[in-house]
Participant: 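Here you go, one structure.
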Amino acid sequence: EHDKKAKKRKHEYEEDEEDELLGSVFFFSVMGCVLLFVVFRWEEERYTDGSKWRFLEHKGPVFAPPYEPLPDKVKFYYDGKPMKLSAPAEEVTTFFSKMLDHEYTTKDIFRKNFFKDWRKEMTSEEKSKITDLNKCNFSEMSEYFKTQSEARKQMSKEEKQKIKEENERLLQEYGFCIMDNHKERIGNFRIEPPGLFRGRGDHPKMGMLKRRIRPEDIIINCSKDSKQPKPPPGTKWKEVRHDNKVTWLASWTENIQGSIKYIMLNPSSRIKGEKDWQKYETARRLKKCVDRIRTQYRDDWKSKEMRIRQRAVALYFIDKLALRAGNEKEEGETADTVGCCSLRVEHIKLYPKMDDQEYVVEFDFLGKDSIRYYNKIPVEKRVFKNLQLFLENKQPEDDLFDRLNTSILNKHLQELMDGLTAKVFRTYNASITLQQQLKELTCPDDSVPAKILSYNRANRAVAILCNHQRAPPKTFEKSMQNLQTKIDEKQNQLSAARKQLKAAKADRKASRDEKSKKTVEVKRKAVQRIEEQLMKLQVQATDREENKQIALGTSKLNYLDPRISVAWCKKFGIPIEKIYNKTQREKFAWAIDMAEKDYEF
DNA sequence: CTGCCGACTTGTCGATAGGGAG
DNA sequence: CTCCCTATCGACAAGTCGGCAG
């Protein structure tokens, strides 16, 4: 009954945006029996007026511990002479000295930004004395921190246990909130401590001081009828508001980019889970009309209007290559990275012929997080001709799509399908690829580890599509070697076990007694077990090798409809724990509950 | 239309907990 | 039980996208 109910509700969710309201527990009386229905959270009411909750209560954020001045024996030297710094100036030097081992502290921009911000924290006296970063010697401080972290590692079990308990206490007190009728885990209830901003890639602001956040910087969001969080003694919140049109519990403005940071709920929460579900439903709606959209953009390649041609070619890239939309960015504020709409002439090369292929486009640019996207793909002639046209009379630093931006593109997409935006294509193509690859790669007769290898390969296909690369782990070669050693050992074990089996068989032939018969059985089992272990190790080695430069996590967490994986597990009898770890199972609880083995994305 | 803001998702990476081998 | 190693998790950065004012 419950399944039926769940399916019905699923149906309603997918087909009908106007949903009736339900409570969390139902009582039905059938033939004198009282039946109780527990309704899962993701099947509960959703608000239709844009509000996200009715009741919200929490304890506010946890602040970074205050600065502890260095012991007097640890000295900072300027121009070879020891110098005692004021606490604010000293704190900033500790950030720098902790980073001394990193290459980026040698970079000009980093040093320049750091020095500029450091000087702002100095007293006027310090300011007039300290004028050259190169004359600063932080090595004693650096040594001190290294010793400290060594000491932390050497702490006794009891001390470590104490710290753990304290963390647990903090988690219990501040890590949860009540939203509507549920206790929910908060994602990041700790305020980021001050430090030096690093940024990714070639960031113009690297080295700047990320300042300490105080209660006076924090806006609290909770419901009027809740017990409001108390600021630390002697302080005040910047503001307490009661805005139930948003999901965050607290926010503050960060000083590097001037952007707002939020405290929000954990992915396991109702509010995040529902949104996630919705995202995949939008992608599934795209599945239904993607053919039509593809026909249309191919048609648009022939348009009389330049802007339409550009739009159509960009959309083709977004669809075929799973590129990101590519918003414009303020120059000099962030690293120079691009997405589809912000591609520049210098980022592509056209080859009318390359090897045995025609109309090849070579992409080479830095995308999100300054991860390089490099790809050579043959495109259709019409796309190629259009690209040549777009490139005419342009400089390398000019925009490839000068008549297009993400806002124009998304407005167009919105007209093609309700809720359609550029990023939906990434979700759609990722999920459909997983489903199709799983179909292709899974052999029903394979062992469980072999099936999991197939799953990872399907996952890998998606990660490659989305360009989720990673730097090979520093210990990669070594751990590969270790694994190989293990495999070799297993192989030796196996041949030894086989020899023993053979001997046992011979013995049985000779003596024909019960005992020798038993020995044969035991030895046979041993061989079998070792064979299995060997196979497992070999599969593991293959998997790891293929995964060297590819990160599976991001696509698994953000792009793959979890119901595909759940259905696959059910279909092939794979325990879900083999695919999703604990955190992931919590995040995807909605999918685990609702997907059957015949689920189709 | 443009720039900016606000909210929310997506992304990488390093620290570390805890599981398994010896 | 200890040590080693890796999977996991949190930190925090960097995207997307919609809305609004001028």
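Order of the sequence lines sets the chain letters (A, B, ...), proteins ahead of strands, with each chain counted from 1. What you see is a predicted model, and the numbers here were worked out from it, not measured in a lab.
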Participant: Remember a base hit wins even if backbone is also touched, and classify A:Gly326 as base, sugar-phosphate or nothing at under 4.0 Å, heavy atoms.
Facilitator: sugar-phosphate
Participant: Measure from NZ on A:Lys275 to P on B:dA7 and round the result to the nearest Å.
Facilitator: 13 Å
Participant: For A:Arg426 and A:Tyr559, which I'm curious about, is there any donor-acceptor pair between the side chains at under 3.5 Å?
Facilitator: yes
Participant: Regarding A:Lys368, tell me which of base, sugar-phosphate or nothing describes its non-hydrogen contacts under 4.0 Å with the strands shown.
Facilitator: base
Participant: Is it possible for you to check whether A:Lys210 lies under 6.0 Å from the centre of the six-membered ring of A:Phe197, through NZ or CZ, and within 45° of that ring's axis?
Facilitator: no
Participant: Taking only N and O in the side chain of A:Lys210, is any of them less than 4.0 Å away from OP1 or OP2 of C:dA13?
Facilitator: yes
Participant: Just by distance, no angles: are the side chains of A:Asp319 and A:Tyr297 close enough, under 3.5 Å, to form a donor-acceptor pair?
Facilitator: yes
Participant: What nucleotide among C:dA13, B:dT12, B:dT10 has an atom nearest to a side-chain atom of A:Phe197?
Facilitator: C:dA13
Participant: Starting at atom CZ of A:Arg585, determine the distance to atom C1' of C:dC9, rounded to an integer number of angstrom.
Facilitator: 15 Å
Participant: Students often get this wrong, so: under 4.0 angstrom with heavy atoms, is A:Gln469 touching a base, only sugar-phosphate, or nothing?
Facilitator: sugar-phosphate
Participant: Under 3.5 Å, is there a donor-acceptor pair between the A:Glu328 and A:Ser342 side chains?
Facilitator: no
Participant: Could you tell me whether the phosphate oxygens of C:dC17, OP1 or OP2, come under 4.0 Å of any side-chain nitrogen or oxygen in A:Asn410?
Facilitator: yes
Participant: Quick check on DNA chain B: between A:Trp248 and A:Lys411, whose nearest nucleotide comes earlier from the 5' end?
Facilitator: A:Lys411
Participant: Which residue lies toward the 5' end of DNA chain B, A:Ala551 or A:Asp243, if each is placed at its nearest nucleotide?
Facilitator: A:Asp243
Participant: Look at A:Arg185 and C:dG10 and indicate whether a side-chain polar atom (N or O) is within less than 4.0 Å of OP1 or OP2.
Facilitator: yes
Participant: Whole angstrom is fine here: how far is it from CD1 in A:Ile260 over to P in B:dA7?
Facilitator: 5 Å
Participant: For a quick test of reading the model: is some side-chain N or O of A:Lys279 closer than 4.0 Å to OP1 or OP2 of B:dT10?
Facilitator: yes
Participant: Please classify the nucleic acid contact of A:Lys329 as base, sugar-phosphate, or nothing, using heavy-atom distances under 4.0 Å.
Facilitator: sugar-phosphate
Participant: I want to verify a distance call: between C:dA13, C:dC9, B:dG11, whose nearest atom is closest to the A:Asn581 side chain?
Facilitator: C:dC9
Participant: Using whole Å, what does the distance between atom P of nucleotide C:dG10 and atom CE of A:Met264 come to?
Facilitator: 17 Å
Participant: Please report, rounded to the nearest Å, how far the P atom of C:dC12 is from the OH atom of A:Tyr262.
Facilitator: 18 Å
Participant: Toward the 5' end of DNA chain C, which comes first, A:Gly187 or A:Ser370, by nearest nucleotide?
Facilitator: A:Gly187
Participant: Respond yes when some side-chain nitrogen or oxygen of A:Tyr559 is under 4.0 Å from OP1 or OP2 of B:dG11, and no when none is.
Facilitator: yes
Participant: Less than 4.5 Å apart, any side-chain heavy atom of A:Phe189 and any of A:Leu171?
Facilitator: yes
Participant: Would you say A:Lys423 places a side-chain N or O within less than 4.0 Å of OP1 or OP2 belonging to B:dT10?
Facilitator: yes
Participant: Would you say A:Arg200 reaches B:dG14's phosphate, i.e. side-chain N/O to OP1/OP2 under 4.0 Å?
Facilitator: no
Participant: Please classify the nucleic acid contact of A:Pro193 as base, sugar-phosphate, or nothing, using heavy-atom distances under 4.0 Å.
Facilitator: sugar-phosphate
Participant: Determine whether A:Asp561 and A:Arg284 make a side-chain contact, defined as any pair of heavy atoms from C-beta on separated by less than 4.5 Å.
Facilitator: yes
Participant: OP1 or OP2 of B:dC8 sitting under 4.0 Å from any side-chain N/O of A:Thr247?
Facilitator: yes
Participant: Check the phosphate of C:dA14 against A:His203, side-chain N and O only, distance under 4.0 Å to OP1 or OP2. Yes or no?
Facilitator: yes
Participant: Check whether any side-chain nitrogen or oxygen of A:Thr337 sits under 4.0 Å from OP1 or OP2 of C:dG15, and answer yes or no.
Facilitator: yes
Participant: Under 3.5 Å, is there a donor-acceptor pair linking the side chains of A:Asn410 and A:Thr421?
Facilitator: no
Participant: Is there a side-chain contact between A:Thr421 and the phosphate of C:dG18, meaning an N or O under 4.0 Å from OP1 or OP2?
Facilitator: no
Participant: According to a strict under-4.0 Å criterion, is A:Arg324 in side-chain N/O contact with OP1 or OP2 of B:dG11?
Facilitator: yes
Participant: By nearest heavy atom, map A:Thr583 and A:Thr406 onto DNA chain C; which one lands nearer the 5' end?
Facilitator: A:Thr583
Participant: For A:Asn327, answer base if it contacts any base atom (sugar-phosphate contacts may also be present), sugar-phosphate if it contacts only those atoms, and nothing otherwise; contact means non-hydrogen atoms under 4.0 Å.
Facilitator: base
Participant: Using a heavy-atom cut-off of 4.0 Å across all strands, would you classify A:Arg198 as base, sugar-phosphate, or nothing?
Facilitator: nothing
Participant: Rounded to the Å, how far apart are A:Ile579 CD1 and C:dT8 P?
Facilitator: 12 Å
Participant: Looking at C:dT16, B:dG11, B:dC8, which one has an atom nearest to any side-chain atom of A:Lys52?
Facilitator: B:dC8
Participant: Near DNA chain B, which residues from residues 94-104 of chain A have a heavy atom under 4.0 Å away?
Facilitator: none
Participant: Just so I know, are the side chains of A:Lys245 and A:Lys52 near enough to count as touching, which here means a heavy-atom distance under 4.5 Å?
Facilitator: no
Participant: Between A:Gln172 and A:Glu168, do the side chains contain a donor N or O and an acceptor N or O under 3.5 Å apart?
Facilitator: yes
Participant: Taking NZ from A:Lys245 and C1' from C:dG18, how many angstroms apart are they, rounded to a whole number?
Facilitator: 16 Å
Participant: Whole Å only: how far is the CG atom of A:Asp369 from the P atom of B:dC13?
Facilitator: 8 Å
Participant: Side chains of A:Gln310 and A:Phe390: closer than 4.5 Å at any heavy-atom pair?
Facilitator: yes
